[in-house]
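Shown below is the structure under consideration.
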Amino acid sequence: MGWDAFGLPAEQYAVQTGTHPSITTRANIETFRRQIQSLGFSYDWDREISTTHPAYVRWTQWIFALLYDTWFDEAQGKGRPISELPIPEGLNAAQKTAFINSRRLAYIDEMAVWWCSALGTVLANEEVIDGKSERGNHPCMRLPLRQWMLRITAYASRLLRDLEEVEWPDETKKQQREWIGESQGAEVDFQVEGSEDKIRVFTTRPDTLYGATFMVLAPEHSLVTRLTSKEQADAVHDYVLKTASKSELERSANKEKTGVALGSYAINPVNGQRIPIWISDYVLATYGTGAIMSVPGHDERDGEFARQFGLPIIQVVQAPEGFEGECFTGDGVAINSELINGLPTPEAKKTIIAHLESQGKGKGKTQYRLRDWIFSRQRYWGEPFPIIHRQDGTCELVPDAQLPVELPELEDFRPSGNPEPLLAKAREWLNTKDSSGKEALRETNTMPNWAGSCWYYLRFIDPRNNEQPWDAEREKYWMPVDLYVGGREHAVLHLLYARFWHKVLFDRGYVSTSEPFRKLFHQGMILGMAYEDAEKKLIPSDEVKETEGGFEHNGQPVKQVVAKMSKSLKNVVNPDDILKEFGADSLRMYEMFMGPLEITKPWNTKDVGGVARFLQRVWRLIIDEETGQVKPAGEKDAPELERALHRCIKKVGDDIERMAFNTAVSAMMIFLNEASAGGAPTLSQSQRERFVLTLAPFAPHLCEELWERLGHQQTLAYEPFPSYAEEMLTDDVIEVPVQVNGKLRARLQVSPEIDTAELEKMARQAVAEWLEGKETKKVVVIPKRMVNLVV
RNA sequence: GCGGGAGUGGCGGAAUGGUAGACGCACGGGACUUAAAAUCCCGGGAUCGCAAGAUCGUGCGGGUUCGAGUCCCGCCUUCCGUACCA
């Protein structure tokens with residue numbers, strides 16, 4: 001069991017209550033541990049770890065240091081130590097440092113984050129709604145801040161390719177592929193008119209270069225200020241400010257195109273055309289180069305923008321005959337494009353790229369949608385970076401022997417009022433010495449919650465090792481993770497970040513597999529019941545009364561719906577209460593019975609009673625409630641139930657393998673129904689034992705008790721799962737449906753060995769009235785399954 | 001907006017392209033009980049019918065097939081993710 005316990009919620013709670021997050025975190029862990037243990041799960045508690053524990057933080061920092069010490073060798077396609085980085089000759093010391101830093105997998109850059117001046121703090125995306133803070137509804141804006149970044153994009157190609165190696169759900173692989181978003185195209189440089197500046201763009205359609213009639217930069221683009229004319233300065237400034245209050249999500253969701261011309265022009269590299277430069281929020285700074293060439297004739301968004309602002313539209317790809325849309329975005333034959341007229345799109349692309357390369361104006365390029373990972377937070381409750389900033393502006397790692405860098409004690413977790421991270425408030429902690437003994441400052445950012453969860457599966461291998469993060473031999477024995485169970489919400493973030501770290505560790509020789517998780521399974525979320533009034537407003541559960549055949553709130557009927565459990569809706573289910581009322585086995589079994597593991601489904605406490613009743617009936621099958629004694633067993637295996645038991649054992653075993661626990665529980669209920677039906681024979685000792693062993697993985701507490709009462713001194717935990725015999729699975733008589741033209745008309749009771757001709761004959765007799773006076777055109781007989789007569 | 005899923009009785013759900021609704025909850029009826037709880041038995045998709053049975057039925061509209069909840073195309077609704085919640 002591992003506790004991933006850094007993060008925003010713990011910190012916000014500390015702000016609200018003034019209690020140190022380490023105290024609340026410890027208390028929460030105690031509660032969770034007690035609850036989990038009360039359910040009887042078979043976790044190995046000797047391997048318990050917490051991401052917030054200094055002994056764990058130490059190695060999280062160690063991995064960060066490794067990332068800092070690694071560069072990605074494009075030629076070899078792998079990460080290598082900085083000591084092996086070839087450094088160009090003729091650089092001075094500062095240039096050399098800058099060059100090395102520009103290649104590290106961990107580097108510093110300015111990146112935009114939400115800043116709310118009224119609250120005096122940096123906010124998470126989810127804390128900002130429509131450009132306003134969730135708390136207090138204050139205006140917020142995107143502010144560029146110094147951030148630690150991780151160069152995950154260097155691994156984009158391998159993260160994409162290696163998906164083929166893992167047994168993951170197809171939809172998850174698909175999501176990761178889309179997220180990484182590889183696209184082939186070209187980088188093209190546009191010269192700015194009357195200037196040395198060049199605007200570099202990425203395009204997937206270099207063949208449409210002749211149709212580029214304007215350019216659009218992201219409002220945050222570094223050239224914006226320089227390329228703005230005096231006349232446009234105010235309008236541009238206003239627009240940049242306005243954009244800063246929008247999220248990227250809003251920007252790309254907005255259909256209405258907005259923008260401002262900078263008042264400067266660029267030169268189209270293929271035809272020397274002078275084209276205007278605009279800024280618009282539909283171009284994102286974080287994708288490609290943050291600038292595009294606009295081809296309104298063949299790109300939807302560019303087309304909308306051109307029509308909005310009356311910019312020229314040129315057709316450069318022949319649309320197919322009968323095409324009626326305003327904007328043809330498919331492949332075709334190039335037109336109005338001197339160099340490539342008449343060429344189909346793929347050839348046209350190649351030709352243009354070759355031309356640009358020969359002119360030094362562009363080159364073919366593979367672009368990824370994936371962005372480098374912002375790896376720092378301006379918060380308290382996270383891992384400190386093992387970094388010291390020297391007076392000369394360079395930085396160095398805290399020596400390995402001095403790890404972990406522990407968090408300073410802070411009295412006050414409230415925002416500092418400026419974008420500086422909270423740790424800057426810890427003056428004593430902040431001031432330190434660098435390796436040469438000079439005054440220096442510690443890094444004040446902290447790591448995001450992902451850091452700890454990126455490698456915990458490796459620490460489980462060797463959780464108490466004080467010399468190294470894990471022992472190499474043990475790593476070889478355990479890795480890769482056989483089965484990784486986690487929510488779908490992790491599909492592209494956690495699961496991609498962890499794979500990235502793992503690949504760096506692999507390249508640097510610390511792990512033996514290129515992928516961490518062999519097989520992946522997503523469990524569904526358990527939701528609660530909620531109530532919705534006529535205006536679709538959700539009503540807290542404690543204000544709703546159950547009436548005959550419905551529910552009402554203040555006398556008005558309300559609808560029962562499914563919603564996330566939340567304090568505000570008063571529909572949170574506490575496992576302690578369920579345990580008290582129904583017991584651990586009932587709770588476990590209900591969770592398995594309520595539906596397929598992978599789907600989202602609502603909790604319904606009434607249904608727990610059904611499972612509890614099943615377990616009570618199992619008890620009464622074996623124990624006499626009056627006397628409390630074991631009932632006498634049948635002399636021999638009751639033959640009527642032996643087949644049913646074999647079927648049950650097979651079904652439960654198969655269902656466990658495919659993690660279909662709901663149908664496994666159902667199979668055991670069916671067996672119990674058969675074994676306890678009026679007139680059913682008494683189960684033999686062997687049959688009882690086999691049934692108890694089948695049920696034991698689901699209801700271990702009950703089954704251990706029954707096992708002991710059935711005369712065993714040792715736990716059943718190490719008993720093998722019961723076996724079944726193939727020949728016991730079939731019945732002497734099976735039912736075969738007979739259809740006429742696909743409609744069910746009769747059912748036959750036949751032997752499973754009946755031959756096809758005989759079966760057809762019987763079928764014809766059974767549905768004679770439907771065949772009368774009609775010609776049989778076709779007969780479909782599927783042995784043991786069905787007969788269909790087509791007339 | 002973009003990416004990925006999901007839609008079956010009153011509810012949770014079951015069903016290798018082959019009898020739709022297993023199993024359970026809730027509900028109705030009955031047995032036991034002075035009564036209730038607990039327990040046990042029976043019933044149940046909709047419509048028509050005393051019944052036997054017939055017709056319709058897996059979000060909507062098409063298609064493939066002897067046969068579609070299941071496969072294909074187009075919609076609708078809804079959930080998840082969208083990079084600082086984790």
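Below, read A as the first sequence line, B as the second, and so on, with proteins coming before strands; counting in each chain starts at 1.
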Counting just side-chain N and O atoms, does R620(A) come under 4.0 Å of either OP1 or OP2 of C40(B)?
-> yes

Base of C84(B) paired with side chain of E126(A) (donor-acceptor, under 3.5 Å) | no

Looking at R647(A) and D731(A), does any basic side-chain N land under 4.0 Å from a carboxylate oxygen?
-> yes

Sequence neighbours excluded, which residues qualify as side-chain hydrogen bond (donor to acceptor under 3.5 Å, both in side chains) partners of S586(A)?
-> none

Applying the Watson-Crick and G-U criteria (both distances under 3.5 angstrom) with [ ] for crossing and | for other-strand pairs, one obtains for RNA chain B (((((((..(((.....[....))).(((((.......))))).((((....))))..(((((..]....))))))))))))....

Could you pull out the closest heavy-atom pair between L159(A) and R499(A), with the gap in Å?
-> O-NH2, 2.7 Å

Distance between P atoms of G45(B) and A36(B) (Å, rounded) = 29 Å

Side chain to side chain contact (heavy atoms under 4.5 Å, CB included) involving E726(A) - partner list, sequence neighbours excluded = Y724(A), L729(A)

For atom P, what is the distance between C79(B) and C84(B), given to the nearest Å?
-> 24 Å

Using the P atom as the reference point in each nucleotide, state the distance between C72(B) and A6(B) in Å, no decimals.
-> 11 Å

Nearest-0.5 Å distance, CG of residue L748(A) to CG of residue L759(A) = 6.5 Å

If you measure from the P atom in C41(B) to the same atom in A52(B), how many Å do you get, rounded?
-> 24 Å

Side-chain N,O (R177(A)) to OP1/OP2 (G3(B)) below 4.0 Å | no

Ion pair D170(A)/K174(A), N-O distance below 4.0 Å | no

Between the protein and nucleotides 47-49 of chain B, list the N/O to N/O atom pairs that are separated by less than 3.5 angstrom.
none

Between Y484(A) and F521(A), ring centroids under 6.0 Å = no

Quick note, W179(A) side chain, CB onward, closest among G12(B), C85(B), A83(B) is A83(B)

Compare the minimum distances between each of A14(B), C84(B), C23(B) and the side chain of N673(A), then state the nucleotide with the smallest one.
-> C23(B)

Of the nucleotides C84(B), C66(B), A83(B), which has the atom closest to the V790(A) side chain?
-> C66(B)

Can you tell me, in whole Å, how much space there is between the P of U58(B) and that of G9(B)?
-> 9 Å

Residue mapping more 5' on RNA chain B - nearest nucleotide basis, Y497(A) or V562(A) | V562(A)

Using a cut-off of 4.0 Å on non-hydrogen atoms, how would the nucleic acid contact of T600(A) be classed: base, sugar-phosphate, or nothing?
-> sugar-phosphate

When you check the side-chain N and O atoms of Y380(A) and E11(A), is any donor under 3.5 Å from an acceptor?
-> no

Point-to-point distance, once rounded to the nearest 0.5 Å, from CG of L695(A) to CG of D585(A) = 8.0 Å

Give a yes/no answer on whether the side chain of R613(A) brings an N or O atom under 4.0 Å of OP1 or OP2 in A26(B).
-> yes

Same-atom distance (P) from C2(B) to G17(B), integer angstrom = 32 Å

Between Y590(A) and W603(A), is the gap from one ring center to the other below 6.0 Å?
-> yes

F661(A) ring center near F593(A) ring center (under 6.0 Å) | no

Would you list the protein and nucleotides 4-7 of chain B atom pairs, both N or O, that sit under 3.5 Å from each other?
from: G4(B); atom 1: O2'; to: Q175(A); atom 2: NE2; distance (Å): 3.3

Can you sort out which residues in residues 659-669 of chain A have a heavy atom within less than 4.0 Å of RNA chain B? Ascending by number, please.
-> N662(A), T663(A), S666(A), M669(A)

Gap in Å between the two P atoms, one belonging to A46(B) and one to U78(B), rounded = 28 Å

Distance (rounded to the nearest 0.5 Å) between Y56(A) OH and I49(A) CD1 = 5.0 Å

Starting from C1' on G12(B), measure out to CG on D607(A) and report it in whole angstrom.
-> 6 Å

Look at R617(A) and C40(B) and indicate whether a side-chain polar atom (N or O) is within less than 4.0 Å of OP1 or OP2.
-> yes

Quick one: list whatever passes side-chain hydrogen bond (donor to acceptor under 3.5 Å, both in side chains) with D109(A), sequence neighbours left out.
-> none

Proximal nucleotide (of U19(B), A83(B), C84(B)) relative to the V113(A) side chain = C84(B)

Distance test, side-chain N/O of N788(A) to OP1/OP2 of U19(B), below 4.0 Å = no

U19(B) to G67(B) separation - C1' atoms, rounded to the nearest Å = 12 Å

Annotated protein contacts, base or backbone, on nucleotides 72-78 of chain B with a non-hydrogen cut-off under 4.0 Å, one of B, S, - each | -------

Does G7(A) or R785(A) map to a spot on RNA chain B nearer the 5' end, using the closest nucleotide for each?
-> R785(A)

Measure the spacing between CD1 of I599(A) and NE2 of H522(A) and express it to the nearest 0.5 Å.
-> 15.0 Å

From CG (L8(A)) to CD (E126(A)), nearest 0.5 Å = 7.0 Å

Closest approach of A498(A) to P516(A) (non-hydrogen atoms, all atoms of both residues) = O-CG, 4.4 Å

Which nucleotide, C66(B), A15(B), A83(B), lies nearest any side-chain atom of R658(A)?
-> A15(B)

Can you tell me if the side-chain N/O atoms of R747(A) get under 4.0 Å from OP1 or OP2 in U19(B)?
-> no

Residue set satisfying side-chain hydrogen bond (donor to acceptor under 3.5 Å, both in side chains) with W501(A), at least two apart, ordered chain then number -> none

Taking only the side-chain heavy atoms of Q147(A) (C-beta and beyond), determine which of G18(B), C84(B), G12(B) contains the nearest atom.
-> C84(B)

Please list all pairs passing the side-chain hydrogen bond (donor to acceptor under 3.5 Å, both in side chains) test where one or both residues lie in residues 141-152 of chain A, with sequence neighbours left out.
-> R146(A)-E443(A), Q147(A)-S376(A), Q147(A)-Q378(A), W148(A)-E443(A)

Between CD of E489(A) and CE of M525(A), what distance do you get to the nearest 0.5 Å?
-> 6.0 Å

Contact class for W770(A) (heavy atom, under 4.0 Å): base, sugar-phosphate, or nothing?
-> sugar-phosphate

Under the side-chain hydrogen bond (donor to acceptor under 3.5 Å, both in side chains) test, residues paired with K601(A) that sit two or more places apart | none

What do the steps show when you test R369(A) against I180(A) for side chain to side chain contact (heavy atoms under 4.5 Å, CB included), and what is the final call?
-> CA-CA 5 Å; R369(A) 203 185 72 97; I180(A) 294 167; over 6 Å; no

Residues within residues 734-745 of chain A bordering RNA chain B, heavy-atom distance below 4.0 Å | E735(A), P737(A), Q739(A), K743(A), R745(A)

Kindly label the base of G9(B) as syn or anti, based on whether its glycosidic torsion lies within 90° of 0.
-> syn

